[in-house]
Amino acid sequence: MEFLISSIAQGFLWSILSLGLFISFRVLNIADMTTEGSFTLGGAIAVTFIVSDFNPFLTLVFAFFAGAISGLFTSLLINYCKIPSLLAGILTMTGLLSINLRIMGKPNISLLNNKSVFSIFENINLPKNYDVVFLGLLMLFIIISLIVTFFKTEVGQDIIATGDNEDMAKSFGISTKLMISFGLMISNGLIALSGGILVQYQGFSDINSGIGTIVIALAAIIIGEVLFKDVSFTLRLICIVIGSIVYRILLLFVIQFNIASPNDFKLISALLIIVFLSLPTINKSIRNRGV
């Protein structure tokens with residue numbers, strides 16, 4: 001039971017990262033490599049402010065806006081410097097490596113003996129990881145509600161139209177440059193927010209914590225899409241959360257039964273994405289042979 005609760009807890013927290021990537025990767029149809037830099041940026045800002053005795057929840061607001069600024073910078077490279085989106089994200093991510101190190105002042109910072117967003121449960125004596133589940137569920141409810149509400153607005157619909165067909169969106173008078181900026185700002189804001197939450201869960205921030213996060217986020221998105229097809233926008237977001245939990249269960253299962261070591265996490269993540277991406281093709285081949 002503890003194994004399952006731990007998977008759900010981690011799945012909730014990591015799914016915020018996946019929801020952020022979903023906006024750039026699926027809604028805007030942009031492969032944004034800023035992710036690995038903005039994730040670390042959010043963690044760096046959160047941990048730096050927390051050790052300076054700022055309110056842990058307030059640090060998440062700072063993290064979100066810092067991530068939004070990094071997304072804005074990437075959009076400026078795409079829109080005005082005419083740099084391909086993939087390269088623009090890599091350039092921003094590379095620049096953020098130095099910025100994050102300047103913010104932290106050193107490669108890693110511990111949050112030992114400091115308050116975190118999970119400290120609100122310290123006097124309730126909840127079983128292990130239940131505090132993470134409750135807070136994660138609450139934050140996901142708020143975030144998904146805000147995302148759904150936003151994308152029902154005119155601006156949200158314009159962002160969707162830009163991602164679907166940029167030329168067609170332009171013909172309807174939509175400022176696609178502005179929509180790309182808005183989309184990448186929201187995306188990286190959420191990614192940085194997830195970084196700020198996860199450093200508080202882990203108890204430390206490391207300058208290399210963002211490496212491979214884009215693979216983790218993609219895994220949850222792909223798993224959710226493969227398991228649940230033809231669903232509404234709201235359910236699609238919920239499916240990403242479920243995909244994140246499934247991904248965590250698979251990872252913990254591998255570690256729990258010594259199938260692989262924790263050092264193989266990134267390799268396992270890549271293999272899981274390959275497997276789930278290949279499932280539709282495999283199923284189609286099986287059906288064709290049956291015919």
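No hydrogens, no waters, no symmetry mates; every other heavy atom, side chains included, goes into these values.
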- [ ] Can you tell me which residue pairs pass the side-chain hydrogen bond (donor to acceptor under 3.5 Å, both in side chains) test with a partner in residues 44-73, sequence neighbours excluded?
- [x] none
Open item on the list: Applying a strict under-4.5 Å side-chain criterion to I, L, V, M, F, W and Y, I'd like to know whether I245 and V231 cluster together.
Closed with: yes
- [ ] Specify the closest pair of heavy atoms between L13 and G136, including all atoms of both residues, with the distance to one decimal.
- [x] CD2-CA, 4.3 Å
Open item on the list: Do L60 and I197 make a side-chain contact, defined as non-hydrogen atoms from C-beta onward lying under 4.5 Å apart?
Closed with: yes
- [ ] Please examine the side chains of L86 and M33, heavy atoms only from C-beta on, and report whether any two atoms are closer than 4.5 Å.
- [x] yes
Open item on the list: Do L267 and I216 sit in one hydrophobic cluster, given that two such residues count as connected whenever their side-chain heavy atoms are within less than 4.5 Å of each other, even indirectly?
Closed with: no
TODO: To the nearest 0.5 angstrom, please state how far the CG atom of L72 sits from the CG atom of L76.
DONE: 4.5 Å
TODO: Using a 4.5 Å cut-off on heavy atoms from C-beta on, say whether the side chain of D32 contacts that of F25.
DONE: no
- [ ] Using the six-membered ring wherever Trp is involved, compare the ring planes of F49 and F62 and label them parallel, tilted or perpendicular (cut-offs 30° and 60°).
- [x] tilted
- [ ] First locate atom CD1 of I223, then atom CZ of R248, and finally report the distance between them rounded to the nearest 0.5 Å.
- [x] 10.5 Å
TODO: Would you mind reporting whether L237 and T234 have side-chain heavy atoms less than 4.5 Å apart?
DONE: no
Task: CD1 on I221 to CD1 on I214, rounded to 0.5 Å - done: 9.0 Å
- [ ] Taking the side chain as every heavy atom from C-beta outward, state whether K177 and Y80 have any pair of such atoms under 4.5 Å apart.
- [x] yes
Open item on the list: Treating S187 as the side-chain partner and G183 as the backbone partner, does any N or O pair qualify as donor plus acceptor under 3.5 Å?
Closed with: no
Task: Aromatic ring pairing F134/F121, orientation class (parallel under 30°, perpendicular over 60°, tilted between) - done: tilted
Task: Where L41 and A66 come nearest, the two heavy atoms and their spacing - done: CD2-O, 3.5 Å
Open item on the list: Using modelled atom types and a 3.5 Å cut-off, is there a donor and acceptor pairing between side-chain atoms of S119 and backbone atoms of K115?
Closed with: no
Open item on the list: Quick one: does any side-chain atom of S285 pair with a main-chain N or O of T281 as donor and acceptor, under 3.5 Å?
Closed with: yes
Task: Non-hydrogen atoms of T40 and S209 that approach each other most closely - done: OG1-OG, 3.7 Å
Task: Distance-minimising heavy-atom pair for A220 and S18 - done: CB-OG, 3.2 Å
TODO: Report, as yes or no, whether the 6.0 Å neighbourhood of atom CZ on F73 holds more than 12 heavy atoms from other residues, nucleotides or ligands.
DONE: no
Which side-chain N or O atoms in residues 102-112 pair as donor and acceptor under 3.5 Å with protein atoms at least two apart or in another chain?
| residue | atom | partner | partner atom | Å |
| --- | --- | --- | --- | --- |
| S110 | OG | L112 | N | 3.1 |

Open item on the list: Main chain of M168, side chain of S171: is a donor-acceptor contact present, judged purely on distance under 3.5 Å?
Closed with: yes
Task: Exam field: side chain Q200 to backbone V117, donor-acceptor pair closer than 3.5 Å - done: yes
TODO: Could you pull out the closest heavy-atom pair between N188 and T35, with the gap in Å?
DONE: OD1-N, 3.9 Å
Run the side-chain donor-acceptor check on residues 87-100: report pairs under 3.5 Å with partners two or more places apart or on a different chain.
| residue | atom | partner | partner atom | Å |
| --- | --- | --- | --- | --- |
| T92 | OG1 | T74 | OG1 | 2.9 |
| T92 | OG1 | A88 | O | 3.1 |
| T94 | OG1 | I90 | O | 2.7 |
| N100 | ND2 | G37 | O | 3.4 |
| N100 | ND2 | L96 | O | 3.0 |

Task: side chain to side chain contact (heavy atoms under 4.5 Å, CB included) between V155 and M179, worked out - done: CA-CA 8 Å; V155 174; M179 294 307 109; 4.1 Å; yes
- [ ] Begin from the C-alpha positions of F22 and I147 and carry the test side chain to side chain contact (heavy atoms under 4.5 Å, CB included) through to its verdict.
- [x] CA-CA 11 Å; F22 172 79; I147 292 174; over 6 Å; no
TODO: Answer with yes or no whether the hydrophobic clustering places V47 together with V132; edges join I, L, V, M, F, W, Y residues whose side-chain heavy atoms lie under 4.5 Å apart.
DONE: no
Open item on the list: How long is the straight-line distance from CG of L126 back to CG of L135, given to the nearest 0.5 Å?
Closed with: 11.0 Å
Open item on the list: Are L77 and M185 connected into the same hydrophobic cluster when the rule is that any two of I, L, V, M, F, W, Y join if their side-chain heavy atoms are below 4.5 Å apart?
Closed with: no
Open item on the list: Can you confirm whether more than 12 heavy atoms, excluding those of F65, are under 6.0 Å from its CZ atom?
Closed with: no
Task: Cluster link L218 to I274, ILVMFWY, side chain under 4.5 Å - done: no
Open item on the list: To the nearest 0.5 Å, what is the distance between CZ on F182 and OG on S175?
Closed with: 8.5 Å
Task: Candidate pair T153 and Q157, rule side-chain hydrogen bond (donor to acceptor under 3.5 Å, both in side chains), full reasoning - done: CA-CA 6 Å; T153 65; Q157 289 296 305; over 6 Å; no
Open item on the list: When you measure from the side chain of S244 to the backbone of G11, do you find a donor-acceptor pair of N or O atoms at a distance under 3.5 Å?
Closed with: yes
TODO: Run the numbers on T34 and L184 for side chain to side chain contact (heavy atoms under 4.5 Å, CB included), then give the verdict.
DONE: CA-CA 9 Å; T34 312; L184 289 181; over 6 Å; no
- [ ] To the nearest 0.5 Å, tell me how far Y201 OH sits from Q10 CD.
- [x] 4.0 Å
Open item on the list: With side chain to side chain contact (heavy atoms under 4.5 Å, CB included) as the criterion, how do F151 and I23 come out once you've worked through the C-alpha distance, each side chain's angles and the decisive distance to 0.1 Å?
Closed with: CA-CA 10 Å; F151 279 103; I23 293 173; 4.1 Å; yes
Task: Sidechain-backbone polar pair: K82 side chain, N79 backbone, donor-acceptor under 3.5 Å - done: yes
- [ ] Check I211 against E36 and note the closest heavy-atom contact, atom names and distance.
- [x] CA-OE1, 3.8 Å
TODO: Take S181 and S75 through the side-chain hydrogen bond (donor to acceptor under 3.5 Å, both in side chains) test and state the conclusion after the steps.
DONE: CA-CA 5 Å; S181 294; S75 71; 3.0 Å; yes
